[in-house]
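Working notes, beginning with the structure itself.
One is the number of the first residue; the rest follow in order along the sequence.
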Amino acid sequence: MKPILLPLVLSVCCAAVYSADPVFKKIVLSDKFYAEGSHYGDFNKDGKPDIVAGPYWYEGPDFTQKHEIYPVEDFSPEKYSDNFTVFGADLNGDGWDDVFVAPHPGNDSYWYENPKGGDKHWTKHFGPKELGNESPKWANIAGQGFGPLYNNNGCLGFSTLTLKDGLPDWTFYPVSNEDKKRYFKYTHGVGSGDINGDGKTDIVESTGWREQPADYTQTPWKFHPFKFADAAAQMLVFDADGDGLNDVITSWHCHLYGLVWWKQVRKDGNITWERNDILSANPDLNSDALRFSQMHALAQADFNGDGLPDFVTGKRFWAHGSKGDKEPNAPAVLYWFELKRDGKGGATFVPHKIDGNSGIGTQVTAADINGDKKPDIIVSNKKGTFVFLNE
């Protein structure tokens, strides 16, 4: 069976040139806790992006009309939802975008088949089993099609799919040996990108990176140990300082504090890393310096149109309820971080506050969802579901 390539319906990077100081318009889609993540797709095939968050999809471009995908259940913010991350893509090759759900970590994933019009519940199908990791990524790791990057049965790996009888048939490819203490359902931190410059997509995790071999089905992939984080969230891979080498950007601990970017350094043909703190992992709680805890999701986009990659993150409100983690009741802020290069090999990330009462979940999505070639932001979490249009 030939694998099908499933690109995301929209690019998260835009080529437009616009204001260097974006202003975001906030739209509240819901104040209920339905999910910890949200995404997008063209679910009614009208050529306009729509939003999916929990049991609803919202019609673009104004997102005022919503449609129920499955029976609605709003969850207690003191507890957890059954929807940690979600992705929109045409999974069965029929030309209509479906919805893939990564549930509470460690449970079997599922996807909802687009009924091709009409307000009725979508047919539920099961996807890859035992989908672990708190922030699984949707990625095309081996050029065989998009699918989740996650932990399964004690291994880190990724799934691709082929079509079988008109439905996706998932195949899991482990990239590590079995280690159930290391790769379990609540593991933190995963990402992907070309680390060594060989044109293949490698995999990063909190404790190092794995080099894709010539045959991606080979197990295990060569592991290069390095402590990128205590407990990362999504790990971004892009060239921050413009030296042609991809760097790594992530939270230091997604339930505590800290935001770092790791500069890739080559020494005698070997790859090593130089730490650069964006926000301190040990902030002074009596200082007015910017700090916020629980950075449990990150997403990359060029928010100001200067051609450089920026990223968005924020505070995951009540990740472990009202009494868990550090400063759980501090404002649920949302920030974008602007990449600035000094022309001498140096780079900094400048924080810009977007909002003080939304935050992030275990997923935050950055994409152009209103067709103006500027990346917008979608958030769903214990505060509700929000859209921030980049104006």
Side-chain angles (χ1 to χ4, degrees), residues 1-12 37-43 45 50 52 57 69-70 82-116 122-133 135-176 183 185 187 190-193 200-203 210 212-221 234 363 365 367:
M1 292 178 292
K2 182 179 179 181
I4 59 174
L5 299 182
L6 298 173
L8 298 182
V9 297
L10 296 169
S11 172
V12 298
S38 49
H39 208 246
Y40 57 92
D42 183 5
F43 300 117
K45 288 196 72 171
D50 310 304
V52 57
W57 70 271
I69 298 173
Y70 56 84
D82 60 358
N83 190 321
F84 263 53
T85 56
V86 61
F87 305 98
D90 177 11
L91 298 175
N92 57 1
D94 65 357
W96 292 74
D97 285 330
D98 309 299
V99 170
F100 180 93
V101 176
H104 190 277
N107 292 336
D108 295 347
S109 66
Y110 45 91
W111 66 279
Y112 290 95
E113 183 179 356
N114 193 322
K116 305 177 185 178
W122 296 22
T123 302
K124 181 179 180 178
H125 305 271
F126 282 98
K129 295 183 178 298
E130 298 180 32
L131 200 146
N133 196 298
S135 300
K137 183 178 179 180
W138 189 256
N140 187 354
I141 300 295
Q144 301 299 305
F146 282 82
L149 170 60
Y150 62 107
N151 304 330
N152 175 264
N153 197 29
C155 294
L156 174 64
F158 61 95
S159 278
T160 62
L161 63 89
T162 55
L163 287 180
K164 183 178 181 181
D165 299 326
L167 293 175
D169 185 34
W170 306 88
T171 302
F172 179 73
Y173 294 96
V175 301
S176 73
Y183 301 115
K185 60 183 179 179
T187 300
V190 72
S192 62
K200 298 185 181 68
T201 299
D202 307 304
I203 293 174
R210 292 188 176 273
Q212 182 172 164
D215 178 4
Y216 68 88
T217 65
Q218 172 187 323
T219 302
W221 291 12
Q234 285 89 355
Q363 178 184 22
T365 295

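Screening Val190, Asn151, Asn133 for a side chain to side chain contact (heavy atoms under 4.5 Å, CB included) with Tyr183, the sole residue that qualifies is Asn151.
What you find for Lys129 and Tyr150 is that their closest heavy atoms are O-CE1, 4.1 Å. Summarising the geometry of Gly106 relative to Lys185, their closest heavy-atom pair is CA-CB, 3.5 Å, with the distance given to 0.1 Å. Residue Ser109 comes nearest to Phe126 through the heavy atom pair O-CD2, 3.4 Å, listed as atom of the first residue, atom of the second, then distance. The two atoms that bring Leu156 and Phe172 nearest to each other are C-CZ, 4.1 Å, heavy atoms only. For the residue pair Asp98 and Tyr112, the shortest heavy atom distance occurs at CB-O, 3.3 Å. Here the shortest heavy-atom pairing between Gln218 and Pro213 reads OE1-CB, 3.7 Å.
Checked by atom type and distance alone, the side chain of Thr219 pairs as donor or acceptor with a backbone atom of Pro174 at under 3.5 Å. Asn140 places a side-chain N or O within 3.5 Å of a backbone atom of Gln144 that can act as its donor or acceptor partner. Judged by distance alone, the side chain of Asp90 and the main-chain N or O of Gly95 form a donor-acceptor pair under 3.5 Å. Side-chain atoms of Thr160 never come within 3.5 Å of backbone atoms of Gly145 as a donor-acceptor pair (strictly under, hydrogens ignored). No donor-acceptor pair closer than 3.5 Å links the side chain of Asp42 to the backbone N or O of Asp97. Within the 3.5 Å criterion, the main-chain N or O of Gln212 finds a donor-acceptor partner in the side chain of Asp202. Of the possible polar contacts, none joining the Asn152 side chain to the Cys155 backbone as a donor-acceptor pair under 3.5 Å is found.
Partners of Thr85 according to the side chain to side chain contact (heavy atoms under 4.5 Å, CB included) rule, which considers only residues two or more places apart in sequence or in another chain, are Phe87, Ala102, Pro136, Thr362, Gln363. Shown here are the salt bridge (Lys or Arg N to Asp or Glu O under 4.0 Å) partners of Lys45, two or more places apart in sequence or in another chain: there are none. Under the salt bridge (Lys or Arg N to Asp or Glu O under 4.0 Å) criterion, Asp94 pairs with Lys116, not counting sequence neighbours.
Within a 6.0 Å sphere centred on NZ of Lys124, other residues, nucleotides and ligands contribute more than 12 heavy atoms.
Distance check, rounded to the nearest 0.5 Å: OH of Tyr173 to OH of Tyr216 gives 4.0 Å. To the nearest 0.5 Å, atoms CD (Glu130) and CG (Asn107) are separated by 9.5 Å. The CZ atom of Phe158 sits 6.5 Å away from the CD1 atom of Ile141 when rounded to the nearest 0.5 Å. Taking CD of Glu113 as the reference point, atom CD1 of Ile69 lies at 13.0 Å (rounded to 0.5 Å). With rounding to the nearest 0.5 Å, the separation of OG1 in Thr171 from CG in Asp169 is 5.5 Å. Note: Tyr70 OH to Thr123 OG1 = 15.0 Å, rounded to the nearest 0.5 Å.
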Intermediate values then yes/no, ring-ring contact (aromatic ring centres under 6.0 Å, His included), Trp170 and Phe100
CA-CA 13 Å; Trp170 306 88; Phe100 180 93; 5.5 Å; yes
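A heavy-atom distance below 4.5 Å is found between the side chains of Trp138 and Pro148. Using a 4.5 Å heavy-atom threshold, the side chains of Val99 and Val86 count as touching. Contact annotation: the side chain of Asn114 never approaches that of Trp57 to less than 4.5 Å [non-hydrogen atoms, C-beta and beyond].
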